[in-house]
Amino acid sequence: MKASKIAYKPVGLALGALSGIVAGAVFKQVWAKLGHDEEAPDATDEDRTWQEILLAATLQGAIFAAVKAAVDRGGAAATRRLTGTWPG
């Protein structure tokens, strides 16, 4: 394994945690803008419909994936600018 990959591991882990926090905040804002006053439903929430639960899960997954990809790509690009090598 290249030294740049090993050095990037802690940075990648920190960026992963950050992306999860950011994605959660973005999802809450989007869910509220869609007109939902309550928090997003859990899969086992008995009082919510299948449609609402699956919509929330799909939306949350899409937002998480997009935010994670953006943060990971930005971190890799910043690493290249600082070190001259791509971490992946």
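One-based numbering along the sequence shown.
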task = Quick one: do Tyr8 and Thr85 satisfy side chain to side chain contact (heavy atoms under 4.5 Å, CB included)? Show the steps, please.
result = CA-CA 11 Å; Tyr8 184 73; Thr85 61; over 6 Å; no

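- Atom NZ in Lys28 sits 10.0 Å away from atom CD in Gln60 (nearest 0.5 Å).
- Note that CG of Asp45 and CD of Glu39 are 10.5 Å apart. Values are rounded to the nearest 0.5 Å.
- The shortest heavy-atom contact between Phe27 and Ala56 is CE1-O, 3.7 Å.
- Smallest separation of non-hydrogen atoms from Val26 and Ile63: CG1-CG2, 3.8 Å.
- Rounded to the nearest 0.5 angstrom, Thr44 OG1 and Ile53 CD1 are separated by 7.5 Å.
- Across Ser19 and Val67, no two heavy atoms sit closer than the pair O-CG1, 3.6 Å.
- In terms of heavy-atom proximity, Trp31 sits nearest to Pro41 at CZ2-CD, 3.6 Å.
- Both Val71 and Val22 are part of a single hydrophobic cluster, where members link through side-chain heavy atoms under 4.5 Å apart.
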task = List the steps, then state whether side chain to side chain contact (heavy atoms under 4.5 Å, CB included) holds for Val30 with Leu59.
result = CA-CA 9 Å; Val30 170; Leu59 185 61; 3.7 Å; yes

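- Distance check, rounded to the nearest 0.5 Å: CG of Asp47 to CD of Glu52 gives 10.5 Å.
- Of all non-hydrogen atoms in Ala76 and Trp86, the two that sit nearest each other are CB-CZ2, 3.5 Å.
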